[in-house]
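The sequence lines fix the lettering, A, B, ..., with proteins before strands; numbering per chain opens at 1.
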Amino acid sequence: MTETTGVRARFCPSPTGTPHVGLIRTALFNWAFARHHGGTLVFRIEDTDAARDSQESYEQLLDGLRWLGIDWDEGPEKGGEYGPYRQSERREIYADIAARLLAAGELYEAYSTNEEVEERRKAAGQDPKLGYDNFDRDLTDEQRAAFVAEGRAPVLRLRMPAEDLAWTDLVRGDISFPAGSIPDPVLVRNNGEPLYTLTNPVDDALMRITHVLRGEDLLPSTPRQLALYQALRRIGVTDFTPEFGHLPTVLGEGTKKLSKRDPTSNLFNYRDRGFIREGLLNYLALLGWSIADDHDIFSVDELIAAFDIGKVSANPARFDLKKAEAINATHVRALSAEEFVTRVIPYLATGGVLPEQPSEEQLSKLRAIAPLVQERVTVLSDSVAMLRFLFIDEETFAPEEDAATKVLNPDAEPVLRSAIEVLEGLPKWETSAIEQALKDALVDGLGLKPRKAFAPVRVAITGRTVSPPLYESMELLGRDVSLGRLRRAVPQ
RNA sequence: GCUCCCAUCGUCCAGCGGCCUAGGACUCCGCCCUUUCAAGGCGGCAACGCGGGUUCGAAUCCCGUUGGGAGUACCA
């Protein structure tokens with residue numbers, strides 16, 4: 001059924017709005033499917049709706065896909081022998097095919113308005129919601145001429161076959177729609193513009209697409225596509241019909257489909273927060289698929305090696321931010337120290353902690369502390385608050401207000417004084433010595449619980465109650481800066 | 001309304017007739033490790049919607065029912 005060579009899958013979004021995680025999940029599965037089978041991934045832009053499509057959205061699509069490393073073999077900015085790959089540049093093709101389909105009687109001109117259709121259904125005692133009634137199928141030349149004389153322009157509708165339309169869905173198995181349950185769909189507007197109903201199957205046929213993997217929301221449109229394919233085959237445009245697989249919907253909270261307006265759906269929110277591609281891709285792949293029954297952390301290569309469209313679940317999947325974050329955190333920790341540094345710098349720059357091109361000194365400090373931060377963050381931007389204390393100007397440094405009021409109270413005074421005293425006399429300023437000295441002075445000397453003893457020191461030094469390990473931080477900060485901060489933190 | 005799809009822990013996924021007193025992950029809760037915070041280790045709570053069949057045997061197959069979802073556009 002599924003050949004291992006010659007697979008041509010496609011991803012064909014409309015450039016409306018910001019890339020949506022559900023859309024990306026679809027792209028990912030198509031990509032994994034194509035790569036798994038050593039096939040071709042075609043990237044096509046469906047921008048036939050001028051009112052909603054935008055160039056900005058188009059660029060965001062490319063940007064998002066590139067960030068994630070989802071690459072395509074044919075498509076925008078890449079070309080290919082079946083181009084162009086933007087539907088807005090394929091108008092003549094659709095006009096030509098539509099004309100041939102019309103000439104062959106597969107399409108017919110329809111003049112009925114929605115109001116007229118409703119009237120007729122009501123008059124016949126039918127539910128007006130049933131939709132178009134195929135009234136114009138067998139209009140005579142005279143009738144058509146009369147409508148034209150009225151100034152009407154026809155839409156072009158596809159003559160649906162009088163038979164059940166069925167296919168074996170790659171995800172769901174056998175699916176069948178009864179004959180007559182789908183009204184003849186409009187393929188070309190009365191102003192001559194082609195609709196998705198025409199362009200999508202036509203391009204799939206022309207681009208020799210073998211496998212159509214798309215969202216479940218498109219499942220009800222499959223019967224009319226199948227019908228169009230039959231027509232296309234009859235007029236010789238193609239000689240085969242692709243296989244279809246309908247991927248589960250990605251839901252938001254509750255049972256609603258994740259809406260475009262929900263910030264959870266915006267791909268760039270994840271990038272901005274510091275999700276890494278390995279983590280996001282891993283999580284997205286879990287929305288409807290699993291690699292094994294005993295683990296769910298995997299690399300992109302493992303995904304490609306194991307991906308099986310037949311094992312994709314038919315259930316709708318809910319996007320769970322907590323789990324996405326947990327998976328991301330695991331991938332962040334798996335980064336090499338050097339890689340983590342490279343990737344975190346842009347976030348530190350955005351957060352105002354470091355310049356975009358850090359100095360050698362800043363870099364070496366960052367490298368030293370990076371491994372300690374790396375295992376403490378969920379997303380890369382978490383590093384900003386955690387590292388500010390290390391790079392900030394001494395004049396600007398001040399503990400966070402909450403932390404200060406909570407911890408730097410009068411009780412902290414003896415703790416801090418004692419810490420200062422012992423640290424001033426420390427012969428070697430290094431982690432283990434600092435640790436030993438502070439323990440001796442505060443825990444043994446003052447008889448404090450460790451929790452009590454180190455909290456004020458931590459807040460004084462790092463400005464926060466949660467930070468990278470304290471002694472290492474102090475070593476990196478240096479003796480002068482550390483002591484200065486401790487002195488300034490002593491409650492007056 | 002009509003057509004179609006879906007139905008296992010709160011969530012995602014495993015299970016494709018006996019291995020299931022249902023497994024993994026996230027979340028949550030304990031404990032251990034750590035004289036901070038994490039990470040890590042161990043353990044716990046928690047599910048086959050309901051009713052009929054088929055079968056020696058059903059979470060797994062069939063029918064019904066209930067519940068959810070999608071479509072029903074001269075959007076995609």
Side-chain angles (χ1 to χ4, degrees), chain A residues 12-16 46-49 51-53 110 113-114 126-132 153-157 169 171-172 175-178 180-183 185-197 199-200 214-223 246 248-249 251 253-257 283 285-297 311 313-327 329-330 333 372-378 386 435 438-439 442-444 448-455 457-459 462 464-471 473:
Chain A
C12 48
S14 283
T16 59
E46 308 225 324
D47 53 352
T48 50
D49 186 354
R52 304 191 331 167
D53 301 322
T113 63
N114 290 156
Q126 296 169 334
D127 186 341
K129 284 186 177 151
L130 251 26
Y132 183 62
V155 296
L156 261 30
R157 288 186 185 266
D169 196 273
V171 173
R172 284 147 218 275
I175 296 179
S176 177
F177 284 68
S181 65
I182 299 164
V186 174
L187 266 46
V188 178
R189 282 177 161 157
N190 68 179
N191 65 2
E193 283 183 15
L195 256 16
Y196 162 82
T197 43
T199 62
N200 180 276
R214 33 130 73 153
E216 184 186 359
D217 51 329
L218 262 1
L219 190 148
S221 75
T222 305
H246 290 90
T249 313
L251 306 173
E253 290 299 316
T255 54
K256 297 173 296 290
K257 191 173 158 188
Y283 179 67
L286 255 16
L287 260 21
W289 185 75
S290 70
I291 196 165
D293 60 5
D294 61 348
H295 71 283
D296 54 17
I297 298 291
K311 294 203 68 178
S313 162
N315 308 8
R318 200 162 276 98
F319 192 97
D320 181 351
L321 185 58
K322 278 273 180 26
K323 180 149 183 174
E325 289 174 341
I327 301 252
T330 305
R333 271 177 247 123
L372 305 175
V373 174
Q374 187 175 357
E375 65 179 24
R376 256 155 263 256
V377 299
T378 298
M386 226 169 264
E435 175 175 2
L438 285 177
K439 281 179 183 169
L442 307 183
V443 180
D444 300 338
L448 289 171
K449 290 232 193 276
R451 217 187 160 69
K452 277 269 178 217
F454 293 103
V457 179
R458 175 180 302 278
V459 172
T462 70
R464 311 178 77 221
T465 51
V466 176
S467 75
L470 183 54
Y471 321 118
S473 299

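- When Watson-Crick and G-U wobble pairs are counted only if both distances are under 3.5 Å, B/C2 pairs with B/G71.
- As judged by a 4.0 angstrom heavy-atom cut-off over every strand, A/L372 is placed among residues making no nucleic acid contact.
- Nucleotide B/C33 is matched to nothing when pairs are restricted to Watson-Crick or G-U wobble geometry with both distances under 3.5 angstrom.
- Separation of the P atoms belonging to B/U65 and B/A46 is 34 Å when rounded to the nearest angstrom.
- Using atom P as the reference point in both B/U11 and B/G52, the two lie 26 Å apart (nearest Å).
- Spacing between atom OH of A/Y132 and atom P of B/C2 amounts to 24 Å, rounded to whole angstrom units.
- Nucleotide B/A7 is matched to B/U66 when pairs are restricted to Watson-Crick or G-U wobble geometry with both distances under 3.5 angstrom.
- At the heavy-atom level, A/V186 lies under 4.0 Å from the strands shown only through sugar-phosphate atoms.
- In this structure, CG of A/L218 is placed 18 Å from P of B/C4, rounded to the nearest angstrom.
- Residue A/V171 comes nearest to A/D169 through the heavy atom pair N-OD1, 2.9 Å, listed as atom of the first residue, atom of the second, then distance.
- Counting non-hydrogen atoms under 4.0 angstrom, A/G215 reaches nothing in the nucleic acid.
- Nucleotides B/C19 and B/A7 place their C1' atoms 25 Å apart, quoted to the nearest Å.
- Between A/L218 atom CG and A/N200 atom CG the span is 7.0 Å, to the nearest 0.5 Å.
- Residue contacts shown for A/S176 are limited to sugar-phosphate atoms, with no base heavy atom under 4.0 Å away.
- Here the nucleotide nearest the side chain of A/L130, chosen from B/G71, B/C2, B/A76, is B/C2.
- As a whole-Å value, the separation of A/E216 CD from B/G68 C1' is 11 Å.
- If you check distances only, the side chain of A/D49 never reaches the base of B/C75 with a donor-acceptor pair under 3.5 Å.
- Rounded to an integer number of Å, the gap from CD1 of A/I327 to P of B/G24 is 16 Å.
- The side chain of A/T249 contributes no N or O atom lying less than 4.0 Å from OP1 or OP2 of B/C6.
- When rounded to the nearest whole Å, the span between CG of A/D47 and P of B/C75 equals 15 Å.
- Comparing B/A76, B/A25, B/C4 by their nearest atom to the side chain of A/I175 picks out B/C4.
- Counting non-hydrogen atoms under 4.0 angstrom, A/S221 reaches nothing in the nucleic acid.
- Separation of the P atoms belonging to B/U8 and B/C61 is 13 Å when rounded to the nearest angstrom.
- Remark: the separation of the P atoms in B/C32 and B/A38 is 15 Å, to the nearest Å.
- Going from atom CG of A/D320 over to atom C1' of B/U11 covers 5 Å, rounded to whole Å.
- Contact annotation: A/N315 reaches the phosphate of B/U8 (side-chain N/O to OP1 or OP2, under 4.0 Å).
- Going from atom CG of A/L287 over to atom CZ of A/R318 covers 10.5 Å, rounded to the nearest 0.5 Å.
- Judged by distance alone, with hydrogens and angles left aside, the side-chain atoms of A/T249 form no donor-acceptor pair with the main-chain N or O of A/P316 at under 3.5 Å.
- Checking B/C74, B/C4, B/C13 against the side-chain heavy atoms of A/N114 singles out B/C74 as nearest.
- If you take CG on A/L219 and CZ on A/F177, they are separated by 5.5 Å, rounding to the nearest 0.5 Å.
- Note on A/S313: a side-chain N or O is less than 4.0 Å away from OP1 or OP2 of B/C13.
- Of the candidate nucleotides B/C5, B/U3, B/C12, B/U3 has the atom lying nearest to any side-chain atom of A/P178.
- Between A/S467 and A/M386, the shortest heavy-atom contact is CA-CG, 4.4 Å.
- Between A/R172 and B/C4 there is no side-chain N or O to OP1 or OP2 distance below 4.0 Å.
- The nearest heavy atom of RNA chain B to A/I182 and to A/V188 marks one nucleotide each, and the one closer to the 5' end goes with A/I182.
- Taking only side-chain atoms of A/K322, from C-beta outward, the nucleotide of B/C6, B/C4, B/U27 with the closest atom is B/U27.
- Residue A/D53 holds its CG atom at 6.5 Å from OG1 of A/T48, rounded to the nearest 0.5 Å.
- For B/G40, the OP1/OP2 oxygens have a side-chain nitrogen or oxygen of A/R333 closer than 4.0 Å.
- For A/K129, no side-chain nitrogen or oxygen approaches OP1 or OP2 of B/G71 to under 4.0 Å.
- Distance check on atom P: B/A25 versus B/G40 gives 12 Å, rounded to whole Å.
- For A/K439, the listed nucleotide lying nearest its side chain is B/U35; candidates were B/A25, B/U35, B/C74.
- Separating the P atom of B/C48 from that of B/G10 is a span of 8 Å, rounded to the nearest Å.
- Within the nucleic acid shown, A/E375 comes within 4.0 Å of at least one base atom, counting heavy atoms only.
- Distance check: A/D296 CG to A/W289 CH2 gives 10.5 Å after rounding to the nearest 0.5 Å.
- As rounded to whole Å, 13 Å separates atom C1' of B/C20 from atom CG of A/D293.
- Note that CZ of A/R333 is 7.5 Å distant from OG1 of A/T378, once rounded to the nearest 0.5 Å.
- Note: CG (A/L438) to C1' (B/U35) measures 12 Å, nearest angstrom.
- Judged by Watson-Crick or G-U wobble contacts below 3.5 Å, the nucleotide B/A14 has no partner.
- Along RNA chain B, the nucleotide nearest A/T330 and the nucleotide nearest A/D294 are compared for position; the residue whose nucleotide lies closer to the 5' end is A/D294.
- Using a 4.0 Å cut-off, no side-chain N or O of A/R214 falls inside it from OP1 or OP2 of B/A76.
- Between A/R376 and B/A39 there is no side-chain polar atom (N or O) within less than 4.0 angstrom of OP1 or OP2.
- When heavy atoms are screened at a 4.0 angstrom cut-off, A/P469 is found touching base atoms of the nucleic acid.
- Across B/U60 and B/C9, the matching P atoms stand 14 Å from one another, rounded to whole Å.
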